[in-house]
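To keep things clear, I will list the structure first and then write my remarks on it.
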Amino acid sequence: MIYAVGTYTTKIKGPGIALVNFENETLSLICTSCTVDNVTWIKPSKSGEVIYTSCTLDENRRSAVAAFKITENGPELVSVRETGGASCCFLELDENEEHLYATNYVDGSVVVFPIDRAKIYPKCQFIRHEGHGTDPVDQAGPHAHQILFRPETNEMFVCELGLDKIIIYERLGNGLLNHSHEIAAPSGTGPRHLVFDGQNRIYVAGELQGWLSFYEYNGTDWALRQNLRTAPEEFGKKNTAAEIRMDEKFIYVSNRGHDSLAVFEKNSDGSVCFRDYIKTPGKIPRDFRNVNNGFLIAHQAEGGLSYIDKKGVQVSSLDIAGAVCVTPLKQH
């Protein structure tokens, strides 16, 4: 399997985009590309032949999205567009790959771009959230993060870290978004990423101090069922949750600070029970993927890209500085 790894390139001198091969539990570097800076998220097309990235441009670090074709010689830049916001952090595609949806973290905005065969056209919608949360530092204003479709619906869920909300939009026939309703998150948790378990259950990683929240849809509203810490309360140091992943039996959340994956087991009613911490071999584990009988982990501060087994034993690694996201593309 081929994976694309996004990295920071300015403060941390990473390669931008790295393509890696993972085979027989071994990682090997295919190539790197530094056409754009600070590639913090990568969204592949269904075919895996095109990737869309969040990024920055030039010394002013203008927030942008870019499209690359995956060629024999590596990622080839096709188009790039400024987002009009600050610090683009997440991307999503619609079902027919006709629109690219992006979120900007710093100013809490959502942007819609028409696309066609890897060409990104000028944005057709720009939505800026307003307000603030209870944390005077991390929630002084809106901070839009993950944007994701609810399965088999036209509902778009946006994790609003700065406002302690999940804002839900309806995707219209022309690709534009119309505000629908909101889910209130526990105060000070800062919703960052979520996963759907079917249509009517969501698990949310709250960034601030590290939280896992379980919500269930009852036919009219989304009800909060659980809100659990992702790091030990006695840890005593700053910890922030980053990514959340799910398999058939477990929920996993990456802890930055505690440097671990928190493991929660799912019950038949959707509730979860804490099971264990898997310590990561590097520092600041950000994105990760469930692979075979282990995890591929992108460590932002130290450790590059690692493959560990379910016990946390490192099996293979690559020294990729500033690794922040890892995305599967295709088989050989």
Side-chain angles (χ1 to χ4, degrees), residues 1-22 27-45 48-58 61-71 74-83 85-93 100-106 118 120 145-148 192-193 242-245 254 256 280 282-289 291 295-307 317-330:
M1 175 71 82
I2 296 174
Y3 289 81
V5 179
T7 77
Y8 281 120
T9 61
T10 49
K11 291 183 179 180
I12 304 173
K13 302 299 181 181
I17 300 171
L19 297 186
V20 303
N21 185 45
F22 179 72
L27 290 162
S28 58
L29 182 65
I30 299 172
C31 65
T32 62
S33 171
C34 198
T35 314
V36 295
D37 290 327
N38 302 318
V39 178
T40 55
W41 195 256
I42 296 173
K43 177 67 180 181
S45 64
E49 296 173 357
V50 175
I51 58 174
Y52 298 90
T53 75
S54 58
C55 60
T56 60
L57 305 175
D58 63 40
R61 301 183 189 176
R62 292 173 293 142
S63 179
V65 293
F68 294 82
K69 286 186 177 179
I70 303 300
T71 72
E76 178 183 301
L77 182 64
V78 177
S79 60
V80 61
R81 292 284 177 183
E82 290 188 52
T83 65
S87 296
C88 184
C89 62
F90 204 92
L91 305 173
E92 179 65 303
L93 290 167
L100 178 69
Y101 299 85
T103 51
N104 293 304
Y105 178 81
V106 168
I120 306 172
H145 217 292
Q146 187 189 43
I147 183 167
L148 198 65
R192 176 185 171 97
H193 281 197
E243 186 56 271
I244 181 169
R245 301 289 180 190
S254 56
R256 300 174 295 181
T280 60
K283 294 182 178 180
I284 314 298
R286 186 145 153 175
D287 192 18
F288 66 98
R289 297 282 175 170
V291 179
F295 307 94
L296 276 181
I297 307 176
H299 298 97
Q300 179 179 327
E302 181 183 305
L305 184 68
S306 297
Y307 172 65
S317 66
L318 285 174
D319 185 14
I320 301 175
V324 291
C325 67
V326 54
T327 304
L329 298 186
K330 58 184 178 181

>> Could you check whether Lys11 pairs with Asp37 (Lys NZ or Arg NE/NH1/NH2 to Asp/Glu carboxylate O, under 4.0 Å)?
In response: no

> Of all heavy-atom pairs between Gly16 and Val39, which one has the smallest distance, and what is that distance?
Replying inline: O-CB, 3.6 Å

>> Within the 4.5 Å heavy-atom criterion, are Thr53 and Phe68 side-chain neighbours or not?
In response: yes

>> Testing the basics here: between Ala18 and Leu29, what is the closest heavy-atom pair and its distance to 0.1 Å?
In response: CB-CD1, 4.1 Å

> Quick check: does any side chain N or O of Arg62 sit under 3.5 Å from a backbone N or O of Thr56, one acting as donor and the other as acceptor?
Replying inline: no

>> Heavy-atom count check: over 12 atoms from other residues, nucleotides or ligands less than 6.0 Å from Asp319 CG?
In response: no

>> One pair to check against side chain to side chain contact (heavy atoms under 4.5 Å, CB included): Ile51 and Ile17. What are the steps and the verdict?
In response: CA-CA 10 Å; Ile51 58 174; Ile17 300 171; 4.2 Å; yes

>> If you define the side chain from C-beta out and look only at heavy atoms, does anything of Leu19 sit under 4.5 Å from Tyr3?
In response: no

>> Within the 4.5 Å heavy-atom criterion, are Leu93 and Leu100 side-chain neighbours or not?
In response: yes

> Taking the six-membered ring for Trp, are Phe295 and Tyr307 ring centroids under 6.0 Å apart?
Replying inline: no

> Is His299 reaching over with its side chain to a backbone N or O of Gly304, donor-acceptor style, under 3.5 angstrom?
Replying inline: yes

>> Using 0.5 Å steps for rounding, measure from the CZ atom of Arg289 to the CD1 atom of Ile297.
In response: 13.0 Å

> Can you name the nearest heavy-atom pair linking Ile120 to Arg81, along with the distance?
Replying inline: O-NE, 2.8 Å

> Hey, is the main chain of Ala242 close enough, under 3.5 Å, to the side chain of Arg286 for a donor-acceptor pair?
Replying inline: no

> Under 4.0 Å between a Lys/Arg side-chain N and an Asp/Glu carboxylate O for Glu76 and Lys69?
Replying inline: no

> To the nearest 0.5 Å, what is the distance between NZ (Lys13) and SG (Cys34)?
Replying inline: 9.5 Å

> Side chains of Leu27 and Leu305: closer than 4.5 Å at any heavy-atom pair?
Replying inline: yes

> Roughly how far, to the nearest 0.5 Å, is OG1 of Thr103 from CH2 of Trp41?
Replying inline: 10.0 Å

> Taking the side chain from Asp287 and the backbone from Val326, do they hold a donor-acceptor pair closer than 3.5 Å?
Replying inline: yes

>> Contact between Cys31 and Pro75 at the side-chain level, heavy atoms closer than 4.5 Å - yes or no?
In response: yes

>> Test your reading of the model: is there a side-chain donor-acceptor pair from Thr280 to the backbone of Gly282, 3.5 Å cut-off?
In response: yes

>> I need the minimum non-hydrogen distance between Gly85 and Asn104, along with the two atoms involved.
In response: CA-ND2, 3.4 Å

> Checking Thr9 side chain against Pro15 main chain: does a donor-acceptor pair fall under 3.5 Å?
Replying inline: no

> Would you say Phe90 and His193 make side-chain contact, with heavy atoms under 4.5 Å?
Replying inline: yes

> Are side-chain heavy atoms of Val36 and Leu57 found at a separation under 4.5 Å?
Replying inline: yes

> Minimum heavy-atom separation for Pro44 to Pro328, with atom names?
Replying inline: CG-O, 3.9 Å

> Looking only at atom types and distance, does a side-chain atom of Ser254 sit under 3.5 Å from a main-chain N or O of Glu243, one as donor and one as acceptor?
Replying inline: yes

> Are any non-hydrogen side-chain atoms of Val5 and Val20 less than 4.5 angstrom apart?
Replying inline: yes

> Atom CD1 of Ile70 and atom CD1 of Ile2: how far apart are they, to the nearest 0.5 Å?
Replying inline: 8.5 Å

> What do the steps show when you test Ser63 against Ser87 for side-chain hydrogen bond (donor to acceptor under 3.5 Å, both in side chains), and what is the final call?
Replying inline: CA-CA 5 Å; Ser63 179; Ser87 296; over 6 Å; no

> Would you find a donor on one side and an acceptor on the other, under 3.5 Å apart, between the side chain of Ser54 and the backbone of Val65?
Replying inline: no

>> To the nearest 0.5 Å, what is the distance between CD on Gln146 and CD1 on Ile244?
In response: 9.0 Å

>> Checking the side chain of Thr7 only, and the main-chain atoms of Gly322 only, is there a donor and an acceptor separated by less than 3.5 Å?
In response: no

> Hey, are Thr10 and Asn38 close enough side-chain-wise for a donor-acceptor pair under 3.5 Å?
Replying inline: yes

>> Using 0.5 Å steps for rounding, measure from the CG atom of Leu296 to the CZ atom of Phe288.
In response: 11.0 Å

> Can Ile12 and Gln300 be said to form a side chain to side chain contact (heavy atoms under 4.5 Å, CB included), step by step?
Replying inline: CA-CA 9 Å; Ile12 304 173; Gln300 179 179 327; 4.2 Å; yes

